[in-house]
Each structure stands twice: as C-alpha cells, then as structure tokens.
Asks: 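Below you'll find the structure I mean.
Since this is a predicted model, take the numbers as computed values, not measurements. All residue numbers in this chain count up from 1 along the given sequence.
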Amino acid sequence: MGVIMIDNPATHFNLKTHMNSQDLKTAIEKIPQRGGLSNVGRAISFVTKNFFSKANGNRSGAPNVVVVMVDGWPTDKVEEASRLARESGINIFFITIEGAVENEKQYVVEPNFANKAVCRTNGFYSLHVQSWFGLHKTLQPLVKRVCDTDRLACSKTCLNSADIGFVIDGSSSVGTGNFRTVLQFVTNISKEFEISDTDTRIGAVQYTYEQRLEFGFDKYSSKPDILNAIKRVGYWSGGTSTGAAINFALEQLFMKSKPNKRKLMILITDGRSYDDVRIPAMAAHLKGVITYAIGIAWAAQEELEVIATHPARDHSFFVDEFDNLYQYVSRVIQNICTEFNSQPRN
C-alpha cells in the first residue's frame, strides 16, 4: 500500500516502504494535512506515470488499485488522466464525500467527474458518503470490492488479455528467406504483449494445401519460450488454401481459447487462396474471433477484406514486399489496443 496526496501530487510512501500493518498505520497517522486544491486529475496522472513500478514495490500478477477520496469536487479535469490510467491496467475506485450543493455546482470543473474517473460506470467502483462522519461505513464495502479480483475489470489491458493465433502462409511462393521475415514480424508483434498462462497466450498455425499446428495456446507460458518457438518454425512449402487454414485454426487453436480472453487471429498470406475464404471467415466472425488479414505482394485485396473483421480498413493491411512488413507492427498493435480501449465502460 502507498499514499499520494492530491493537492500537489507526491508520494508519501510507496508499496514497499512499510512491510507490516502496524508500521503502515503509524505512517498514515503521521501524514499532515496540507490544504490546497483538489487536483485529482494531476494526482491520477502522477500515479500512472510514477507509482506502479517494480522499483516502488509493484508485484507482477497483483492487481493495481487506486482509491481516490475527494471532499466536494476536483478542481481540475479527470477524464483524460483516468483514461490513461485504465489503459495502463489501473483500477480506479472513487469515494466522494459531501459534494456540491445547488449554488456550488457552477464551480464544478467537470460534471459527472466520478463516472469519468472510475474503471467502470456500473456502480461497483463508486462510493458516496454525505459527510466525513459516515466515511467509516464505506470501509467494509470497499475492502470487499477491492478483494474481488475477478471483478477488477481494468486489470485487463489490450496487452495482457488475449489469445492470439497467428495463421501463417508457408506456400512455395513465399520462399525460405521471406518466410524468416514473416517469422520476424510474428516475433515483433508477440514481443509487445504480456505473455503468461494467465495473461496473453500465443499460438501458431502454418498452412499450404494442408495445415500444421506449430504450437497451441497452452504449449508455452513465457515470452522467451514463445519467441524461441517462433524462431524454430520450419518452412513448409506448397499451395495456398487459406479458407481451410482458417477452419483449422478455429478448431485446433480457438476451440481451446479461454472464455475470458479476447480471441485474435492474425493471418499472413502472400497470394490468392485456391479455396473459398468467405464461409470460413464468416464462421470466425460468428465465433467472436477478431481477425486481422495481412497481405503481401500477390495477395488479393478483396480476399483480405472478406477475411478481416469489420471495418476492414482497421483489420486488413497490404504490404507491397516482405521487407516492408516491419512497418506494420506498430499499426497492428495500435489498432488492437484502440479497439480494446473503445469497449463500453458500463
């Protein structure tokens, strides 16, 4: 546990300063009241940038929780700072004490500020008390909610809550050298994610006329193991049956996806498919698999758009040559995160 003061944000003590409850209680009792403004937005920004680091005692796998207590209303805006906190995996709880009476509402900088700050707007993250004398009544409800880790929705970010299946074209037109370039592209995307058996998991299928499961979601549970597994994938060579590969991936990869994970398929091909892609693509979309289609050189743009999740402009990409694949790593990651972060907060 650590404490940040809101007026001019600074850390009083961090997550590893006090290692037992008595020392913690003593330190809290020694915090002086400083007065000043209720700079909640600045305080949330400070926490997001500085507080939850390994150097400050943050533990991998433990949820990051911020409890904001404000008397009245914030004197700055909280919406943008809170959005960045959510996208960083921070669960914000908001306790408002008292509040603006009718003739004070004109001074409130940002109406509905609590809903703009909290992780979700479903009431789980917000507590309101009429006066400081009633603050003790929030203790048990707050502790119960903070400890209910399954409901801490903002612990999930775009980088730690997906099952990602790469479907890789290994046809003869690719060639050995270009195939290694494709694998480097797969590696560069995978590097960006937090990989473990409880975070993002990675699987891969290679296809020609036939299909081969290179490794499933449950095969490797660490980033080094995943990156080594990608490096070891051998080039197959053959035809191009993309439709059959999508069906194979649905059965061999995504049937074993965890129910609480976003299912992402990233398909990479350099040519037109010899079989139909429409029905397999529709099956993927109906099963909730978000599909990104990346075409290189001779790939058919209209096929990429059929395979890709709607809107195709955000989920399909065309690259003129293999050596330019690297330029699309950041765009794919950005689109994955933009889509994740645009989900409703109710």
Asks: Taking atom types as modelled and ignoring hydrogens, do the side chains of D197 and S221 form a donor-acceptor contact shorter than 3.5 angstrom?
Replies: no
Asks: Could you go step by step and tell me if Q301 and S316 meet the side-chain contact (heavy atoms from CB on, under 4.5 Å) rule?
Replies: CA-CA 9 Å; Q301 187 70 45; S316 68; 4.3 Å; yes
Asks: Counting only N and O atoms by type, is there a donor-acceptor contact under 3.5 Å from the side chain of Q211 to the main-chain atoms of A249?
Replies: no
Asks: Main chain of F46, side chain of N50: is a donor-acceptor contact present, judged purely on distance under 3.5 Å?
Replies: yes
Asks: Centre-to-centre under 6.0 Å for Y209 and Y274, is that the case here?
Replies: yes
Asks: When you look at E251 and N247, which way does the side chain to side chain donor-acceptor pair (under 3.5 Å) test go after all the steps?
Replies: CA-CA 6 Å; E251 293 166 8; N247 280 333; 5.9 Å; no
Asks: Determine, step by step, whether I266 and V167 satisfy the side-chain contact (heavy atoms from CB on, under 4.5 Å) criterion, reporting the C-alpha distance in whole Å, the side-chain angles of both residues, the deciding distance to 0.1 Å, and the verdict.
Replies: CA-CA 6 Å; I266 300 177; V167 181; over 6 Å; no
Asks: Taking a hydrophobic cluster as the set of Ile, Leu, Val, Met, Phe, Trp and Tyr residues connected by side-chain heavy atoms closer than 4.5 Å, whether directly or through intermediates, do V205 and I168 fall within one such cluster?
Replies: no
Asks: Below 30° counts as parallel, above 60° as perpendicular, anything between as tilted: where do the rings of F215 and Y220 land?
Replies: perpendicular
Asks: Checking side chain to side chain donor-acceptor pair (under 3.5 Å) for the pair N64/S155: CA distance, chi angles, key distance, verdict?
Replies: CA-CA 7 Å; N64 292 337; S155 295; over 6 Å; no
Asks: Within a radius of less than 6.0 Å around NZ of K258, do more than 12 heavy atoms belonging to other residues, nucleotides or ligands occur?
Replies: yes
Asks: T96: which residues meet the side chain to side chain donor-acceptor pair (under 3.5 Å) condition with it, sequence neighbours left out?
Replies: H128
Asks: Between E194 and S161, is there a donor-acceptor pair closer than 3.5 Å when you use the side chain of the first and the backbone of the second?
Replies: no
Asks: Enter the distance from S330:OG to E192:CD here, rounded to the nearest 0.5 Å.
Replies: 9.0 Å
Asks: Who pairs with E214 by salt bridge (charged side-chain N to carboxylate O under 4.0 Å, His left out), at least two apart in sequence or on another chain?
Replies: R212
Asks: Around atom CD of E302, are there more than 12 heavy atoms from other residues, nucleotides or ligands closer than 6.0 Å?
Replies: yes
Asks: Measuring from atom NZ of K25 to atom CD of E29, what distance do you get when rounded to the nearest 0.5 angstrom?
Replies: 4.0 Å
Asks: Using the side-chain contact (heavy atoms from CB on, under 4.5 Å) rule, take K116 and E110 through it: C-alpha gap first, then chi angles, then the decisive distance, then the call.
Replies: CA-CA 9 Å; K116 291 175 180 177; E110 198 171 29; 3.6 Å; yes
Asks: Closer than 3.5 angstrom, by distance alone: can the side chain of K223 be matched with the main-chain N or O of K191 as a donor-acceptor pair?
Replies: yes
Asks: Minimum heavy-atom separation for R86 and C154, please, with both atom names.
Replies: CG-SG, 3.7 Å
Asks: Tell me, with the steps shown, if K263 and D163 meet salt bridge (charged side-chain N to carboxylate O under 4.0 Å, His left out).
Replies: CA-CA 5 Å; K263 297 185 281 288; D163 279 343; over 6 Å; no
Asks: What pairs with F340 under ring-ring contact (aromatic ring centres under 6.0 Å, His included), at least two apart in sequence or on another chain?
Replies: none
Asks: Does I28, at its CD1 atom, have more than 12 non-hydrogen atoms belonging to other residues, nucleotides or ligands within less than 6.0 Å?
Replies: yes
Asks: If you group Ile, Leu, Val, Met, Phe, Trp and Tyr by side-chain heavy-atom gaps below 4.5 Å, do I307 and F254 land in one group?
Replies: yes
Asks: Would you sort out whether T198 and N160 count as a side-chain contact (heavy atoms from CB on, under 4.5 Å), showing the intermediate values?
Replies: CA-CA 8 Å; T198 57; N160 72 6; over 6 Å; no
Asks: Could you report the tightest heavy-atom contact between L227 and S190, atom names first, then the distance?
Replies: CD2-CB, 4.2 Å
Asks: To check you understand the geometry: which heavy-atom pair defines the closest contact between A244 and D275, and what is its length?
Replies: N-OD2, 2.9 Å
Asks: For the hydrophobic clusters of this structure (ILVMFWY residues joined by side-chain heavy atoms under 4.5 Å, transitively), does one cluster hold both F217 and F166?
Replies: no
Asks: So, taking the atom named CZ in F322 and the one named CD1 in I296, what distance separates them when rounded to the nearest 0.5 Å?
Replies: 4.5 Å
Asks: Donor-acceptor pair, distance only, cut-off 3.5 Å: does the side chain of T291 make one with the backbone of A308?
Replies: no
Asks: Do R83 and E87 meet the salt-bridge criterion of a basic N to acidic O distance under 4.0 Å?
Replies: yes
Asks: Side-chain donor-acceptor pair under 3.5 Å between E305 and H315, yes or no?
Replies: no
Asks: Are Y207 and F248 an aromatic pair, judged by ring center distance below 6.0 Å?
Replies: no
Asks: Heavy-atom count around Q33 CD within 6.0 Å, excluding the residue itself: above 12?
Replies: no
Asks: Strictly by modelled atom types, are S171 and T208 linked by a side-chain donor-acceptor pair under 3.5 Å?
Replies: no
Asks: Does the pair D270 and S173 meet the rule for a side chain to side chain donor-acceptor pair (under 3.5 Å), with working shown?
Replies: CA-CA 7 Å; D270 82 325; S173 58; 2.8 Å; yes
Asks: Any donor-acceptor pair under 3.5 Å linking the side-chain atoms of T26 with those of D23?
Replies: no
Asks: Do Y292 and F318 belong together in a cluster built from hydrophobic side chains that touch within less than 4.5 Å?
Replies: no
Asks: Counting only N and O atoms by type, is there a donor-acceptor contact under 3.5 Å from the side chain of N228 to the main-chain atoms of P224?
Replies: yes
Asks: Of the non-hydrogen atoms in G41 and V78, which two are nearest, and what is the gap between them?
Replies: N-CG1, 3.8 Å
Asks: Side chains of N178 and T181: any donor to acceptor distance under 3.5 Å?
Replies: no
Asks: What's the shortest heavy-atom distance between L135 and T138, and which atoms?
Replies: O-OG1, 2.7 Å
Asks: Side chains of N335 and E339: any donor to acceptor distance under 3.5 Å?
Replies: no
Asks: Centroid separation under 6.0 Å, is that true for the rings of F185 and Y328?
Replies: no
Asks: Is a side-chain N or O of N56 found less than 3.5 angstrom from the main chain of L15, in a donor-acceptor match?
Replies: no
Asks: Run the numbers on N14 and T11 for side chain to side chain donor-acceptor pair (under 3.5 Å), then give the verdict.
Replies: CA-CA 7 Å; N14 65 32; T11 303; over 6 Å; no
Asks: Measure across C119 and N91 and return the closest heavy-atom pair with its distance rounded to 0.1 Å.
Replies: SG-OD1, 3.9 Å
Asks: Can the positive tip of R151 be found less than 6.0 Å from the middle of the six-membered ring of F124, inside 45° of the ring normal?
Replies: yes
Asks: Is there a donor in the side chain of N58 and an acceptor in the side chain of S53, or the other way round, less than 3.5 Å apart?
Replies: no
Asks: Where does the angle between the aromatic ring planes of F179 and Y235 fall among parallel (under 30°), tilted (30 to 60°) and perpendicular (over 60°)?
Replies: tilted
Asks: Would you say the side chains of R42 and N8 form a donor-acceptor pair under 3.5 Å?
Replies: yes
Asks: If Ile, Leu, Val, Met, Phe, Trp and Tyr residues are connected whenever their side-chain heavy atoms lie under 4.5 Å apart, and connections chain through other members, are I90 and V40 in the same group?
Replies: yes
